[in-house]
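To keep things clear, I will list the structure first and then write my remarks on it.
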Amino acid sequence: KVKSGMAQMAKGGIIMDVTTAEEARVAENAGACAVMSLERVPADIRKQGGVARMTDPKRTKEIMNAVTIPVMAKARIGHFAEAQILEAIGVDMIDESEVLTTADETNHIDKHNFTVPFVCGARDLGEALRRISEGAAMIRTKGQAGTGDVAEAVRHARAIRNQIRHAQSLDTAELFTFAKELRVPFDLLQKTAEMGRLPVVNFAAGGLATPADVALLMHLGMDGVFVGSGIFKSENPQKRAWAMAQAVTHYKNPKKLAELSEDLGEAMFGTPVSDVKH
Ligand code: PLP
């Protein structure tokens, strides 16, 4: 399928949140496989509050002009008009994102209506497969964006992995029942069980702040990572961006990770997930 091309290309890579052309250049030079344009990084949205929307298209176009790697941008959940605008300016992928304020409390975007591919967040297998049935070409864990705490991303990565293993242990009659429980199409669940993984590229996101966080999520079977506040809310974004990008490649090599983790300056201060209201 043509639409999965962008997601397949990102596999084994790191996608970094950026709010300016200058940050986008830092991300590209550090080895990001793509950048994500957004108005404010999640940590600022969390701190400042207010309604978080799609970025000014002018800003996103500046970012597109500043780099040679693909540029993604966020639209609010259910806000298909924002998504149409992002498609019109030619972004490479749209993130239908819970990091922004939800625009439709009931419905996600019908992503089959678009040529541009979408990535969506998920906390478990049911959510992931519902988003895929709506046309998502890529899934990421929701985690808790803007906290700098990796715990929720880990929970979501493990939930998806454990539910896939469970699906693989079921006979067909039981799989029909599990599909009903998960509120997902049977065929999609069956395909997932056969493949032993999500049928689309699956990235970690939400709270990753160190090279070790990256390695942890890669060990849990993720195809790559998104990093938001973790880079540009740290003391030395340039160095940390590079180290986290290297960690995606070298996650199985603790000696290399030790070198990459040295002397990066302060990580983002963060908020433990246990202190965050859900
Ligand atoms: N995420 C957000 C932010 C939502 O508002 C909703 C509700 O519609 C969902 C996820 C859940 O959607 P679904 O049950 O279709 O996965």
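Excluded from the calculations below are hydrogen atoms, water molecules and symmetry mates; all remaining heavy atoms, backbone and side chain alike, are included. In listed order, ligands and their atoms are each counted from 1.
Using a cutoff of 4.0 Å between basic side-chain nitrogens and carboxylate oxygens, Lys191 and Glu194 are not scored as salt-bridged. With respect to the salt-bridge test (charged N to carboxylate O, under 4.0 angstrom), the residues Lys239 and Glu262 do not qualify. With respect to Glu96 and Arg131, no salt bridge is recorded, no charged nitrogen being found less than 4.0 Å from a carboxylate O.
Pairs of residues two or more places apart, or lying in two chains, that qualify as side-chain hydrogen bond (donor to acceptor under 3.5 Å, both in side chains) and include a residue from residues 10-33 are Thr19-Glu23, Glu28-Thr68.
Counted by atom type alone, Gln144 and Arg46 present one or more donor-acceptor pairs between their side chains at under 3.5 Å.
In this structure, Val201 and Ala7 approach most closely via the heavy-atom pair CG2-O, 3.6 Å.
Listed by chain and number, residues touching ligand 1 at under 4.0 Å (heavy atoms only) are Ile77, Thr102, Glu105, Thr106, His108, Arg123, Glu127, Arg130, Arg131, Lys142, Arg183.
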